[in-house]
There are 2 protein chains.
Amino acid sequence: MGTTQLEAVQEPKYWHLKTVLIDALDSEFEVGEILPNERDLAARFGVARATLRQALEQLELEGRLQRRRGVGTTVAPPRMGVAVGPSANVWPGAGRDAWHTIGCVEAVAPAPIAAVLGTAADEAVHTIHRERVMQGQPVATELLYVPAASVPGLSPMLTPASHAPAVLRELHTLELDGEDRAVELGSARAEDAKHLDRLPGAPVLVVTSRYFAGGRVAAASVATYRADTCRLTFGDSGTVEVTHHQAEGRRAS
Amino acid sequence: MGTTQLEAVQEPKYWHLKTVLIDALDSEFEVGEILPNERDLAARFGVARATLRQALEQLELEGRLQRRRGVGTTVAPPRMGVAVGPSANVWPGAGRDAWHTIGCVEAVAPAPIAAVLGTAADEAVHTIHRERVMQGQPVATELLYVPAASVPGLSPMLTPASHAPAVLRELHTLELDGEDRAVELGSARAEDAKHLDRLPGAPVLVVTSRYFAGGRVAAASVATYRADTCRLTFGDSGTVEVTHHQAEGRRAS
DNA sequence: GAGTGGTCTAGACCACCTC
DNA sequence: AGGTGGTCTAGACCACTCG
């Protein structure tokens with residue numbers, strides 16, 4: 001008896017805060033503009049800083065904010081459409097493909113990669129480290145694995161500088177039968193985070209690709225994209241030109 | 001003078017905790033097994049509960065743990081490979097396509113959807129709500145938008161039960177020229193969260209699809225996949241059979 | 001050195017599930 | 001009723017950037 005509880009659900013403070021902030025972002029702020037600092041914002045909304053941060057965290061996850069230690073919190077631009085997996089199947093590194101090589105080593109593949117490649121765990125693979133930059137900022141790092149068995153014609157003596165181009169050139173002589181991709185959510189390892197200019201643990205989209213030739217997996221890659229700034233596009237058409245972000249009011253009924 | 005600072009970087013406690021927990025998960029726990037509760041775990045590691053939770057949060061994001069309020073934290077099975085965008089272009093709802101319809105209404109499209117469809121903001125669209133279940137648990141919800149102009153032959157009088165099938169049947173009479181997809185990270189809206197058996201704000205992979213026919217966007221959909229349990233697969237081959245999770249030791253040099 | 005976001009603590013209460 | 005994870009507080013200190 002007693003307390004009439006017409007307010008069935010009380011949504012969490014940080015959730016409500018998020019909607020308030022989104023409204024403010026859409027109406028009162030420009031892209032790139034810097035927000036008041038967290039302590040001030042928390043005081044203004046009458047909540048603890050940790051609560052405010054929970055809201056900011058989600059907004060950053062959704063690509064609406066960008067936070068930088070020592071600098072501040074800024075309004076993020078709409079996510080970039082990043083083409084992944086063009087309709088025309090092509091080998092990595094062929095043509096102009098938006099990646100540039102950072103380094104290359106020959107080593108044994110880690111167990112999960114060996115499983116993808118279908119090679120023995122102790123087999124040698126060339127590992128090419130590449131990076132992808134769009135609009136002046138790094139959006140992805142990639143490790144491309146090419147089993148030594150896939151490029152038998154490779155000349156044995158290679159300088160570090162000529163290693164990656166030689167492997168790619170050799171790879172391109174094969175006929176590509178098809179490719180395969182998988183996308184999943186992950187968190188940036190320390191090394192990836194540094195390349196992507198984020199903190200370790202930042203949310204990333206991990207794209208695993210397999211390249212088939214001669215009935216085998218001739219190469220495989222694991223690419224790590226910044227989840228906050230990227231929208232991965234697939235398929236026939238070019239970059240999709242939607243306004244931005246996840247549809248908000250896609251309610252209909 | 002001065003504190004010799006050989007330990008250049010001190011990694012955060014929660015980060016170190018994460019690696020310790022991963023090791024424990026791999027060696028001492030079975031899939032589905034329930035972990036000690038957060039208060040006990042925090043005490044065992046000598047950290048505050050909030051710090052422990054920061055580690056658990058990332059592990060859940062990476063699909064290694066599953067937490068349920070009132071129940072506990074369990075070890076998650078490897079992510080499911082969920083096929084998205086088969087090589088053969090087909091209309092949604094054609095053949096057996098793993099989705100089942102929940103409801104259907106005719107209404108005006110929200111602004112971002114109208115932009116994708118290239119229709120006027122006040123144009124009527126049929127909105128079909130569908131759900132995808134795999135291995136007994138819901139993995140995605142979808143809103144499929146079909147402009148009324150795309151299905152001119154639709155009979156005007158429809159019962160709610162026959163509405164969705166009629167729209168799909170009419171849609172399938174068109175010739176599909178191609179399709180388009182984009183994947184980005186989002187957080188679950190309250191309604192989606194309920195369907196996906198998650199809390200609001202849970203991380204999701206948002207897949208936006210466009211279906212082309214007659215030189216126009218004849219239909220579009222926004223599908224929301226659970227990011228913790230799903231690995232989205234694209235391309236020619238079927239489900240990729242990797243061991244699981246993001247490659248851990250893909251370090252080579 | 002001043003200001004920012006990032007980490008961490010030690011509590012408290014709430015919503016939910018199960019017994 | 002008792003136990004679980006989810007939310008929230010009010011502090012503290014640290015790492016980083018910049019003028």
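A note on names: the letters A, B, ... follow the listed sequences, proteins ahead of strands, and every chain is numbered from 1.
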**Q** Could you check how far NZ of K13(B) sits from C1' of dC13(D), rounded to whole Å?
**A** 12 Å

**Q** I'd like to check the side chain to side chain contact (heavy atoms under 4.5 Å, CB included) partners of T74(B); sequence neighbours left out, ordered by chain and number.
**A** I34(B), Q66(B)

**Q** Categorize L199(A) for me: base, sugar-phosphate, or nothing, with a 4.0 angstrom heavy-atom threshold over every strand shown.
**A** sugar-phosphate

**Q** Do nucleotides 14-19 of chain D as a string where each nucleotide becomes B, S or -: B if the base has a protein heavy atom under 4.0 Å, S if just the sugar-phosphate does, - if no protein is that close.
**A** SBBB--

**Q** Which whole-number value in Å describes the distance from D228(B) CG to dG5(D) P?
**A** 16 Å

**Q** Could you list the residues that satisfy side chain to side chain donor-acceptor pair (under 3.5 Å) with H195(A), not counting sequence neighbours?
**A** none

**Q** Atom CG of L56(B) and atom C1' of dG6(D): how far apart are they, to the nearest Å?
**A** 13 Å

**Q** Give the residues of residues 45-55 of chain B touching DNA chain D, defined as any heavy atom closer than 4.0 Å, sorted by residue number.
**A** R49(B), R53(B)

**Q** Could you check how far CD of E11(B) sits from C1' of dT7(C), rounded to whole Å?
**A** 13 Å

**Q** Has T73(B) got a side-chain N or O lying under 4.0 Å from the OP1 or OP2 atom of dG5(D)?
**A** yes

**Q** Report the residues that fulfil side chain to side chain contact (heavy atoms under 4.5 Å, CB included) with P203(A), sequence neighbours left out, ordered by chain and then residue number.
**A** L61(A), L185(A), A227(A), L185(B)

**Q** Are R53(A) and E60(A) within salt-bridge range, i.e. N to O under 4.0 Å?
**A** no

**Q** Can you name the side chain to side chain contact (heavy atoms under 4.5 Å, CB included) partners of R69(A), sequence neighbours left out?
**A** L199(A)

**Q** Looking at DNA chain D, which of residues 29-38 of chain B put a heavy atom within less than 4.0 Å of it?
**A** N37(B), E38(B)

**Q** For T73(B), what residues pass the side chain to side chain contact (heavy atoms under 4.5 Å, CB included) criterion, not counting sequence neighbours?
**A** L35(B), L65(B), R67(B)

**Q** In whole Å, what is the span from the CD atom of E57(A) to the P atom of dG6(D)?
**A** 14 Å

**Q** Quick one: list whatever passes salt bridge (charged side-chain N to carboxylate O under 4.0 Å, His left out) with D40(B), sequence neighbours left out.
**A** none

**Q** Is there a side-chain contact between E142(A) and E131(A) in this structure, where contact means two heavy atoms from C-beta onward sitting under 4.5 Å apart?
**A** no

**Q** Donor-acceptor pairs under 3.5 Å, side chain of residues 42-49 of chain B to any protein atom, not counting sequence neighbours: which ones?
**A**
| unit_1 | atom_1 | unit_2 | atom_2 | d |
| --- | --- | --- | --- | --- |
| R49(B) | NE | E38(B) | OE1 | 3.0 |
| R49(B) | NH2 | E38(B) | OE1 | 3.1 |

**Q** Could you state the CG-P distance from L17(B) to dT7(C), rounded to the nearest angstrom?
**A** 13 Å

**Q** From CD of E60(A) over to C1' of dG5(C), roughly how many Å is that when rounded to an integer?
**A** 10 Å

**Q** Test of understanding: with salt bridge (charged side-chain N to carboxylate O under 4.0 Å, His left out), list the residues that count as partners of R226(A), not counting sequence neighbours.
**A** D228(A)

**Q** Looking at dT7(D), I'd like to know if its phosphate oxygens (OP1 or OP2) sit under 4.0 Å from a side-chain N or O belonging to Y14(A).
**A** yes

**Q** Can you tell me which residue pairs pass the salt bridge (charged side-chain N to carboxylate O under 4.0 Å, His left out) test with a partner in residues 15-25 of chain A, sequence neighbours excluded?
**A** K18(A)-E62(A)

**Q** Whole angstroms only, please: what is the CD-C1' distance between Q66(B) and dT4(D)?
**A** 15 Å

